[in-house]
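Here is the structure we will look at.
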Amino acid sequence: EAQPILVTRCSLSCPTLLRDLIGRMAGSSAGENPGVVAWVASRVLWGVVDFVKDSSTAAVGVVWRRAGDAVEATCSSAADQLVIYSGAAALSAEYVAGRLSVKAKRALLPQSIEARTPWYWRGLSESSPSRVRAVPAHRSREILEQVLEPGGSLGGRDLQYKHPEGYQTFEYAAGWRIENPMLFLRYSAEMEHLRSSLKELRSAGADIPKMKVRRALWEATRLLPAELDTELNETMLVHGTSPERVLQIITQGFNERFAGRGLFGQGVYYAEDVAKTDQYVTPDRDYRVNKEGESDPLYDLHRLLYGDEKSHPKDVFYVFICRVLLGAPARTKDATTQLDNPGASLWSAGVTDPGEGRELAKMPKSSTGEPFHSLIAELGGRVVRFREFVSFHGEVRAYPEYLIAYRRVAPRLP
């Protein structure tokens, strides 16, 4: 029983090794007795539990993802998986037991709403499976703090709220993981659409490069439990907004139809640096005690996030960490022509003013005339400090995964 625990500690860095470990420990009798594999796998997961309890919070998501993948690759049937998860759950802490029971349910009920939402979610209410939750992200705090580290200079011409004292960095105040089942299912459906579209484009000879974001953001967000699909150019990006818009994004997602004129069209803008998104935020000063009018987004937001007046950190700004599907993007520097197809228009027919653009040009290799899936504004033309990422179908091609409340930190006096 000690051997799986010790070896598991050394094998978590390599999913293939962990999968091989389960098979080797089961031995030749596994073919005759699948229960042996289940028993050994449960002992391996026990080792994972033991490892997780002593690990930093940043490693938890990575550990569970690798362990789960290895077990499911070894025991393909839902019945065997249930034995594994139940055995491990009996040996683990309440938190881990809850996670494993959710995975077992998803294995046995693949078409349920719970089965089609991320495995690391808290678990859906049986009476209201579509309920939206804002789950405090205590275990991911270290990661979210890394996301708040600016890579570029602060301020700029687009700064919506000029801080009276000036500021030079950001301080984490609170964070939440957004669990909106209906919004995520809509996002998942679009993933399948893009998968089919990109398969057709690649078979037609289109070159769709893998997109890379700022390394510091990638290094931080890769420790989050979300499993991004790099074949779809799915990536983590940030989006800053006013407190009055936060609840709408949490409950309904992004909607470019409310967007005004922009340098690169009327879409939803994302960035790879919080120094950029900070230009578009305004402060949430205090807890809204009394509802002001029939519709009061701040009143409802505060009850979703904080619950009571004492929990509100005061004078905070909000930024989302989003899963964004870039698919096959168009790139530009001048907001008018395509960078990878010199001279070709960036916009669909009829668009003469880039600021009013709402749809991109058709992809050259698309047999159906499908427009580019997203837009990337590269440095060197109309933007100098920060790349910009624009989606004109943000309601289905982006999911607000985390929300961070942060403060601007003023410089200390000498």
Side-chain angles (χ1 to χ4, degrees), residues 55-62 120 122 133-155 159-161 163-179 213-226 235-247 249-250 270-287 298 301-324 386 399-412:
S55 299
S56 67
T57 55
V60 172
V62 177
Y120 48 87
R122 172 170 288 181
R133 297 173 183 262
V135 180
H138 301 308
R139 289 177 172 269
S140 302
R141 174 168 180 158
E142 297 172 18
I143 302 171
L144 303 185
E145 287 178 332
Q146 291 180 47
V147 173
L148 280 179
E149 296 176 4
S153 57
L154 303 181
L159 191 65
Q160 300 293 306
Y161 179 78
H163 212 75
E165 300 177 355
Y167 60 102
Q168 58 184 190
T169 189
F170 306 126
E171 177 184 77
Y172 179 92
W176 304 264
R177 184 178 65 248
I178 306 305
E179 298 183 0
V213 298
R214 187 172 71 97
R215 185 167 184 82
L217 179 65
W218 179 82
E219 288 282 0
T221 56
R222 73 185 180 90
L223 296 174
L224 293 170
T235 188
M236 290 286 195
L237 295 170
V238 287
H239 177 90
T241 190
S242 66
E244 290 78 13
R245 290 286 312 282
V246 169
L247 185 65
I249 293 173
I250 290 175
Y270 305 92
E272 55 191 347
D273 193 328
V274 290
K276 175 61 176 177
T277 61
D278 181 68
Q279 296 179 14
Y280 306 98
V281 300
T282 54
D284 180 3
R285 295 189 177 280
D286 206 347
Y287 189 82
L298 276 185
L301 174 69
H302 291 164
R303 273 141 193 82
L304 176 66
L305 299 182
Y306 304 109
D308 58 58
E309 185 175 1
K310 293 181 180 179
S311 301
H312 192 289
K314 296 182 175 52
D315 295 328
V316 293
F317 302 85
Y318 294 106
V319 61
F320 284 99
I321 303 177
C322 311
R323 294 173 67 161
V324 182
F386 306 103
Y399 179 80
E401 181 94 338
Y402 289 88
L403 174 67
I404 302 176
Y406 69 94
R407 298 184 186 91
R408 290 172 172 175
V409 181
R412 293 184 176 181

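Just so you know, residue 1 is the first one in the sequence shown, and it goes up from there.
When all heavy atoms of Y167 and G155 are compared, the closest pair comes out as OH-N, 4.1 Å. Across all their heavy atoms, A173 and V316 have their closest contact at CB-CG1, 3.9 Å. Of all non-hydrogen atoms in G151 and R214, the two that sit nearest each other are CA-NH1, 3.5 Å. Across R407 and P313, no two heavy atoms sit closer than the pair NH2-O, 3.1 Å. Summarising the geometry of A137 relative to Y172, their closest heavy-atom pair is O-OH, 4.3 Å, with the distance given to 0.1 Å.
For the residue pair Y280/K276, the side-chain donor-acceptor check at 3.5 Å is satisfied.
Here the side chain of E309 pairs no donor or acceptor atom with the backbone of Y287 at under 3.5 angstrom. Judged by distance alone, with hydrogens and angles left aside, the side-chain atoms of R177 form no donor-acceptor pair with the main-chain N or O of S140 at under 3.5 Å. The backbone N or O of I178 sits less than 3.5 Å from a side-chain atom of Y399, completing a donor-acceptor pair. No donor-acceptor distance shorter than 3.5 angstrom exists from the side chain of E179 to the backbone of A134, with no hydrogens or angles considered.
Looking at heavy atoms from C-beta onward, I321 lies out of side-chain contact with L217 at the 4.5 angstrom threshold. Between F320 and L403, some side-chain heavy-atom pair lies under the 4.5 Å cut-off. No side-chain heavy atom of V409 sits less than 4.5 Å from a side-chain heavy atom of Q168. Contact of the T235 side chain with the Y270 side chain is not registered, since no non-hydrogen atoms from C-beta on lie closer than 4.5 Å. Taking 4.5 Å as the limit, every side-chain heavy atom of Q160 sits out of range of all side-chain heavy atoms of V281.
Residues forming a salt bridge (charged side-chain N to carboxylate O under 4.0 Å, His left out) with D284 (at least two apart in sequence, or on another chain): none. Here R408 pairs with D278 under the salt bridge (charged side-chain N to carboxylate O under 4.0 Å, His left out) rule; sequence neighbours left out.
Between W176 and Y306, the ring-plane angle classifies as perpendicular under the 30° and 60° cut-offs.
Annotation: the span from D286 atom CG to H302 atom NE2 amounts to 8.0 Å, rounded to 0.5 Å. A distance of 10.0 Å separates CG in L144 from CD in E142, rounded to the nearest 0.5 Å. The line from OG of S153 to CG of D273 is 9.0 Å long, rounded to the nearest 0.5 Å. The structure places CG of L159 at 11.0 Å from OG1 of T282, a figure rounded to the nearest 0.5 Å. Here the CD atom belonging to E244 is positioned 4.5 Å from the CG atom belonging to L298, to the nearest 0.5 angstrom. We find the CG-OH distance between L247 and Y318 to be 10.5 Å, quoted to the nearest 0.5 Å.
With M236 as the fixed residue, the side-chain contact (heavy atoms from CB on, under 4.5 Å) test singles out one of V147, L224, V213: L224.
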Verdict with supporting geometry, F386 and Q279, side-chain contact (heavy atoms from CB on, under 4.5 Å): CA-CA 12 Å; F386 306 103; Q279 296 179 14; 4.0 Å; yes
